[in-house]
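One structure is given below, encoded as structure tokens.
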Amino acid sequence: MRREDRIVTKLREKLKEKIITINVPRERRIFIHIKPDALRESIKFLRDIGFRHISTITGVDTGDSIELIYHLALDGSIELSLKLKVQKDDHKVPTITDIIPGVVLYEREVHEMFGVNFEGHPDLSPLILPEGWPRNIYPLRKKYTLEHLRNSIFKEEDEK
Amino acid sequence: MSYGSIVKVPFGPQHPALKEPEHFLFEIDGEIIVNVKPRIGYNHRGIEKAFERRTYIQNIYLAERICGICSDAHTTCYTQAIEDLLGLDAPPRARYIRVIVAELERIHSHSLWLGIAVHEIGFDTFFMYLWRDREAVMDILELISGNRVHYAMNTIGGVRRDITPEIIPKIIRSLDFLEKRTKYYMKALRSERTVLKRTVDVGVLKPKDAVELCAVGPTLRASGVKNDVRGDDPYAAYDEIPFNIVTDDGCDVFSRMLVRCGEILESINMIRYALDHMPSGMLRVRMPMAVKPGEAVSRVEAPRGELIHYVKSNGSTRPERYKVRSPTLANIPALCRMFIGQHVADIPIILAGIDPCFACMDRLVFIDVKTNKRKSLDFESFSEMVRKQRNFRLA
Amino acid sequence: MAIIAEAIKWLLKHPVTIKYPFEREAPPKGFRGRPVWDMHRCIGCGLCSRICPSGAIEIIGRGQEAKIKHYVDRCLFCGQCSESCPRNAIKLMNDFEHARYNRDVMIYEYKRET
Ligand code: SF4
Ligand code: SF4
């Protein structure tokens, strides 16, 4: 049995019906889609079986919800992408900074770019966007096109 | 010893040691740093958004411009992600050429970094010699790709240029020269008191912290953790080329220097092997017009560490979402840990320890040493001269 | 101390730098410089203008009458246009000194002469 299959079996045993889909498109890549309430549980489990390195968190705007993808690596070799969907507004995403401390900046980045609130994160102050960036404008959401950003933000500045 | 009161010292955004302007807020007690808060994003160019507005071919050149030093690592990562989506495989010769260019880039990046590191501790003689010898690798890269910085070697489905038999002897000659010089520099680093005093036991990052804070690349390897995407998750032709992963147990800035020197030597051997064993054949396969919906994760070991790209396509000619995480961001939490308990004077060298780089500007003023006359050129006379000389050369 | 010996050794040699722009070296063969159009080969299909990653090429009209404007201030010197052109009408030259004070003089126009 391949290493990937062994990990998939372990995950299926542990998370059962909380898994929506799993696929292994090629060697050393695993994509799992889970229910949002299983986040902390699955990250803890994955860390205990060796996925101690988090490469990054990707946010994707899929229209009415936001997809969060946690890219975790097992000893550098197997890259597992853990995916969950959350509502755009009105969501509860727990932080995982206490499980994997290296995730601090990635959560802040997603917070600023997509407006996802990570509950329990020690410090969600601005990291990337400039001072004076308007609140509630999350530049990587699809709604904010370049034209929109140019008109709503830079025009105001020009007028000043 | 504590002085009882904490002073906040802002550092940056403008700092000559950094390529990207970054801001750090240090809290210091006397001379000792007790806390640090990073604030990045002064160089945020909205590249991820820009990816969504360009076609897949145009994005190759956008990916290249994420970083000037590891331009090849970014395009390799980008093209691999798209090839993964399309189910293409680059031909064997192309994979070898990718390795050769990537390793040349690593040599160039590491010697550039080494120069900056010794410059940060005020050892400019060393810096000058290092950068002079770095020209050898820049020249080969220009010879192979046609440009010194943005090589534009990769394309979706292969590489754009071949390494022809005529230039191979030149590459070998430069590699021999670089090997000799790097060995000498390693010896010099080990014996130079200035270097040892400023770097040994400075900016210590314990292996446990390094893993916990998800550090990557030479920063992680200098803490004794054997982790390298080239070996663990091989791409291009790395599974066919033998090499050692260089690690060091010192955990300080000095071992980061040694790891990078060791990697230069490894890279030189890898290029030699790749040049000898390069299969013949096609350089690229044709890319189909449509990219079907899907997603892919691609990883590359850039000179500074693990680089990860994520792409999601929706069936159109442009990607739906493109995510880039460069190694420097991954090393910032570890960097903040390194600062704690260190002296203020060591800030630049610790900062430089994770491998930033800097851009410099130059003016057109020359001093003729013999007559001590300043020759200053305005733009018009400069262009005039260029024109004259060009005619001269053509005639 | 090793560096001091090295420094003394090099003190007696020629400098490694050249005094650009008074002295200059030609770029190597295959250098990617400014793209130049051969309008006798161009069929005015407009592919180069569509593929250019930085929007540096403008094509006015189509077919034999087409006029090409190349904005060298936007050009990345990537060579993608020359690679994509179906008629091989674009060649990259080896000049590299393009900087000017004015963007207007950085536009090159090409038109088929009859
Ligand atoms: S791609 Fe070639 S043939 Fe077509 S318009 Fe451009 S130069 Fe002319
Ligand atoms: S070299 Fe590249 S940037 Fe310049 S005109 Fe051609 S395609 Fe456009």
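Here is how names work: the chains are called A, B, and so on, in the same order as the sequence lines, proteins then strands, and each is numbered from 1. Source: prediction; values computed, not measured.
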- What is the minimum heavy-atom distance between C/R32 and B/Y151, and which atoms define it?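 The pair with the smallest heavy-atom distance is NH2-O, 3.0 Å.
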- Options B/R181, B/R54, B/K187, ranked by heavy-atom pairs under 4.5 Å with chain C, top entry: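 The residue among B/R181, B/R54, B/K187 with the greatest pair count is B/R181.
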- Message: Only pairs of heavy atoms separated by less than 4.5 Å count here; which of B/T194, B/D139, B/N147 has the most with chain C?
- Response: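 With the most close heavy-atom pairs to chain C, the winner is B/N147.
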In Å and rounded to the nearest 0.5 Å, what is the [atom1] to [atom2] distance from [X] to [Y]?
X: C/F31; Y: B/R148; atom1: CZ; atom2: CZ; answer: 9.5 Å
X: C/T17; Y: B/R132; atom1: OG1; atom2: CZ; answer: 11.0 Å
X: B/T125; Y: C/I4; atom1: OG1; atom2: CD1; answer: 8.5 Å

- Message: Quiz question: by atom type and distance under 3.5 Å, do the side chains of C/Q80 and B/Y61 form a donor-acceptor pair?
- Response: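 There is such a pair (donor and acceptor under 3.5 Å, judged by atom type) between the side chains of C/Q80 and B/Y61.
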- Message: At a heavy-atom distance under 4.5 Å, which candidate from C/A7, C/P53, C/C52, C/G30 has the highest pair count against chain B?
- Response: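 Most heavy-atom pairs within the cutoff with chain B belong to C/P53.
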- Message: Quick check for you: among C/G33, C/C78, C/S84, C/G79, which has the greatest number of heavy-atom pairs under 4.5 Å with chain B?
- Response: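 Most heavy-atom pairs within the cutoff with chain B belong to C/C78.
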- Message: Looking at B/R160 and C/E83, would you say the former's side chain and the latter's main chain have a donor-acceptor pair under 3.5 Å?
- Response: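 Side chain of B/R160 to backbone of C/E83: no pair is present.
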- N/O donor-acceptor pair under 3.5 Å between B/Q58 side chain and C/R50 backbone: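 The answer is yes, because a donor-acceptor pair under 3.5 Å joins these two groups.
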- Message: Quick check on B/R161 against chain C: is it the side chain, the backbone, both or neither that has a heavy atom closer than 4.5 Å?
- Response: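 Just its side chain gets close to chain C.
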- Message: For C/R103, I'd like to know if atom CZ has over 12 heavy atoms of other residues, nucleotides or ligands within 6.0 Å.
- Response: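 No.
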- Message: Less than 4.0 angstrom from a charged side-chain N to a carboxylate O is my criterion; do C/K29 and B/E142 meet it?
- Response: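 Between B/E142 and C/K29 there is no salt bridge, as every charged N stays at least 4.0 Å from the carboxylate O atoms.
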